[in-house]
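Notes follow once the structure below has been shown.
Position 1 is the first residue of the sequence, and the numbers go up from there.
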Amino acid sequence: MKGDLCLLRERNFLLFFLARTSSLTGNVIAPLGLAFAVLAMPDGSPSELGLLLGTRTVAQLGLILLGGVIADRFSRQRLIIAGEATAGCSQVLTAALFLHGSVSMNVLIALAAVNGASSAVSQPAATALVPYLVDTDRIQPANALLRLAANISRIAGVFVGGVLIAAVAPGWALAADAATYFLSAVLLIFARPRTTTAALAASEAPTGFLTELRAGWTEFSSLRWMWPIVGQFAVVNACFGGAIMVLGPAVAEQELGGAVAWSIILAAHSTGFVLGSLIAIRIRPRYPLRTGVLITFGFFPPYLLLAAGAPTWLIAAGMLTAGVCIDVFEVLWRTAVHTHVPAHAMSRVSSYDSLASFICTPLGLAMAGPVAAHIGIAETLLISGVLVTATSTFPLFFTAVRHLPSRAPVPDRRS
């Protein structure tokens, strides 16, 4: 850990580290502020919240493959700056609407789409920029620091968002989110990543976009251990986004006292991420995906506890457990991807992984409110939890998943 921290003495990486920490903190504040801003509207409901969150996700997923290609053809640093500035502007306008009291759902939907589109461009660019900020032999500790920062940002974002909502108004939480995007953009302006000829090489391939997408899909679909788990998480992410992130605030508002209780629950969830990262550093399972899939059964408790109207501290404990399980799985999954996917196809395969894993999330966000209005919030939470648990058994039927071995990564020696 001490050696990893030395990277923070390098100016370029420090600026990127602080920029990502700021932006990721805002990413946590945003859905929290938006949830209680929408629910505080005279006609606000979980259905409208789900529509807004779903719109952002649709825009992001719809453009993420294009964003990956663009990030390989143009300056990644400039794309991130543009994306962060655009996201900041969209959140400033969203905050102003809520603070002014004249809220139009059509305008909010448009702003959510802009925010999602900006993320589709900046996210793949940020991922690809890391190797140009640190030496090759320091990429792994750099990624470890960025992951730890992301987990700590979740806790800080929940705390800041909860305090602003409770002390002033949800609109000010959205204004704070905008400030984090602008701060990120400003910090990145002063970074000086190493130059690369990747963009020039990409631009010289006139049919590169479709050709690369087809090749990436061929590689992705041929990995028999990958698509069963991607299918599992298409359902898991949809249920978590809909049942937990849409209906959870409604439960907190009705039964637990409001934003402060929900902030405590989300903070516990984020703390679980940090603990999961620390646990994942030490475990070395022989079959990482088998272990990872078995760990996903720990996702169920929050659904049951929210449905049962458990006290805040018990729901928080369930969310902490789920957070630990999510992060351990994520580390094992990323390790499998990095060690078993050919280096020349890793970016494209990862793009398809992200797209397929979250493709059902907008449906979950949009349907949670209407389904809960029809059958009840508790019933919707229970059904979602059972569906998540049942889906988690699916990958275990595949030998390629159960027996995928752990092996040392093969370095990518391409220039």
For Ala261 and Leu256, work out which heavy atoms get closest and say how close.
CB-O, 3.4 Å
On a heavy-atom basis, the closest approach of Leu382 and Ala307 is CG-CB, 3.7 Å
Is the gap between the ring centers of Trp217 and Tyr352 under 6.0 Å?
yes
Audit row: Asn115, Ser90, side-chain hydrogen bond (donor to acceptor under 3.5 Å, both in side chains) steps and yes/no:
CA-CA 6 Å; Asn115 193 281; Ser90 72; 3.1 Å; yes
Shortest non-hydrogen separation from Leu305 to Gly318 and the atoms involved
CD1-CA, 4.0 Å
Closest non-hydrogen atom pair between Met319 and Pro302, with its separation:
SD-CB, 3.5 Å
Could you tell me how the ring of Phe233 sits relative to the ring of Phe329: parallel (under 30°), tilted (30 to 60°) or perpendicular (over 60°)?
parallel
In terms of heavy-atom contacts, does CZ of Arg11 have more than 12 from other residues, nucleotides or ligands at under 6.0 Å?
yes
Give the C-alpha distance, both sets of side-chain angles, the deciding distance and a yes or no for side chain to side chain contact (heavy atoms under 4.5 Å, CB included) between Val401 and Arg290.
CA-CA 6 Å; Val401 172; Arg290 181 193 301 177; 5.9 Å; no
Once you measure the plane-to-plane angle for Trp227 and Phe398, does it fall in the parallel (<30°), tilted (30-60°) or perpendicular (>60°) bin?
perpendicular
Closest non-hydrogen contact found for Ala112 with Leu52 is CB-O, 3.7 Å
What are the two closest heavy atoms between Leu183 and Ser22, and how far apart are they?
CD2-OG, 3.6 Å
When you compare the side chain of Phe240 with that of Tyr303, does any pair of heavy atoms fall below 4.5 Å?
yes
Apply the side-chain hydrogen bond (donor to acceptor under 3.5 Å, both in side chains) test between Gln91 and each candidate in Thr180, Thr86, Asp177; give the one that qualifies.
Asp177
